[in-house]
Amino acid sequence: MLRSNDSTDRDGERDLDGDRDLDTGERGSASLEFLTVGMLLLVPLVYLVLALSGLQGGTLAVEGAARQAARVAVQAGDRASAEAAVQRSVQVALADYGVDAGAASVTLDCQAADCAQPGSRIRVSVRASIALPLVPDVLSLDRVGSVPLEASATQTVSRFAAVVP
């Protein structure tokens with residue numbers, strides 16, 4: 001008895017043309033390929049999102065610390081009290097964002113010899129290193145796996161700062 005061209009037999013399936021289907025041995029491989037390629041693309045993408053969010057948080061921390069330190073320095077009386085107040089405000093601002101304040105460096109520059117002189121400009125620069133996520137501390141990789149960030153802010157001492165009522 002003759003079989004029709006679109007029927008199946010025990011040796012394999014036939015397509016509409018009556019030819020033997022050559023893809024019968026690859027059933028289920030599409031899902032395996034999807035999972036493999038998906039994982040190869042998903043893992044670096046997740047790491048990229050984690051790294052960029054950490055860097056963005058560090059950038060916000062350093063910029064906010066510099067801005068707040070400049071505001072505090074303008075209101076301080078002399079240079080010694082300004083430096084102490086700037087150090088405290090930078091430590092608090094960086095700690096709010098989870099950045100190691102001990103590793104940060106702060107620079108205070110006054111335009112005039114006297115920082116409290118009305119109209120003088122005070123510039124504060126804050127520099128910190130932000131560690132990339134999932135970088136181990138082994139073999140000093142934490143130094144290689146960190147990004148240095150720096151921000152500065154300038155404020156002007158009010159012209160009414162020296163006036164005491």
Side-chain angles (χ1 to χ4, degrees), residues 26-165:
E26 295 186 16
R27 275 201 185 149
S29 66
S31 61
L32 180 63
E33 290 171 2
F34 176 74
L35 287 174
T36 304
V37 172
M39 290 304 289
L40 287 176
L41 294 176
L42 187 64
V43 170
L45 184 65
V46 168
Y47 183 77
L48 180 67
V49 168
L50 287 174
L52 289 178
S53 64
L55 289 177
Q56 181 65 32
T59 302
L60 291 172
V62 171
E63 192 274 330
R67 187 178 61 236
Q68 186 62 29
R71 290 178 183 166
V72 168
V74 165
Q75 295 177 352
D78 58 345
R79 186 173 180 95
S81 63
E83 287 179 355
V86 163
Q87 288 292 337
R88 282 193 309 268
S89 73
V90 167
Q91 287 177 354
V92 169
L94 292 179
D96 284 345
Y97 284 93
V99 176
D100 183 21
S105 64
V106 180
T107 305
L108 177 68
D109 295 323
C110 296
Q111 181 184 16
D114 182 18
C115 290
Q117 180 181 356
S120 68
R121 295 180 186 266
I122 298 177
R123 181 174 188 241
V124 177
S125 297
V126 178
R127 184 177 176 93
S129 290
I130 307 300
L132 294 174
L134 305 175
V135 175
D137 293 338
V138 181
L139 300 174
S140 299
L141 290 177
D142 55 343
R143 281 186 251 157
V144 175
S146 64
V147 177
L149 298 174
E150 184 175 358
S152 62
T154 304
Q155 290 284 327
T156 304
V157 178
S158 173
R159 61 184 176 159
F160 302 110
V163 177
V164 179

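Note that the structure is a prediction, hence the values are computed from the model and not measured.
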Determine the minimum heavy-atom distance between [X] and [Y], stating which atoms define it.
X      : Y      : result
Val126 : Ala65  : CG2-C, 4.3 Å
Val157 : Ala116 : CG1-O, 3.8 Å
Val74  : Ser158 : CG1-N, 4.5 Å
Ile122 : Cys110 : CG1-SG, 4.3 Å
Ala66  : Ala151 : CB-O, 3.7 Å
Val86  : Val124 : CG1-CG1, 4.1 Å

### Counterpart residues, side-chain hydrogen bond (donor to acceptor under 3.5 Å, both in side chains), relative to Arg79 (two or more places apart)
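Arg79 satisfies side-chain hydrogen bond (donor to acceptor under 3.5 Å, both in side chains) with Glu83 once adjacent residues are dropped.
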
### Task
Report the residues that fulfil side-chain hydrogen bond (donor to acceptor under 3.5 Å, both in side chains) with Gln68, sequence neighbours left out, ordered by chain and then residue number.
none

### Message
What verdict does the side chain to side chain contact (heavy atoms under 4.5 Å, CB included) test give for Ile130 and Val99, after you've listed the backbone C-alpha separation in whole Å, the side-chain angles of each residue and the deciding distance to 0.1 Å?
### Response
CA-CA 7 Å; Ile130 307 300; Val99 176; 3.8 Å; yes

### Message
Test side chain to side chain contact (heavy atoms under 4.5 Å, CB included) on Ser81 and Asp78; report intermediate values, then the result.
### Response
CA-CA 6 Å; Ser81 63; Asp78 58 345; 2.5 Å; yes

Separation of [Y] [atom2] from [X] [atom1] (nearest 0.5 Å):
X      : Y      : atom1 : atom2 : result
Glu150 : Ser105 : CD    : OG    : 7.0 Å
Ser125 : Leu108 : OG    : CG    : 9.5 Å
Arg121 : Thr154 : CZ    : OG1   : 7.5 Å
Asp96  : Leu60  : CG    : CG    : 12.5 Å

### Task
Decide yes or no for Val147 and Leu132: does some side-chain heavy atom of the first lie under 4.5 Å from some side-chain heavy atom of the second?
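SC-SC contact between Val147 and Leu132 confirmed.
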
### Query
Counting only N and O atoms by type, is there a donor-acceptor contact under 3.5 Å from the side chain of Tyr47 to the main-chain atoms of Pro133?
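Yes.
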
### Task
State, without any angle test, whether Arg123 and Ser152 hold a side-chain donor-acceptor pair at a distance under 3.5 Å.
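Yes, Ser152 and Arg123 have a side-chain donor paired with an acceptor closer than 3.5 Å.
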
### Task
Start with the C-alpha gap between Val106 and Gln87, add the side-chain angles, then the distance that decides, and say whether side chain to side chain contact (heavy atoms under 4.5 Å, CB included) holds.
CA-CA 7 Å; Val106 180; Gln87 288 292 337; 3.7 Å; yes

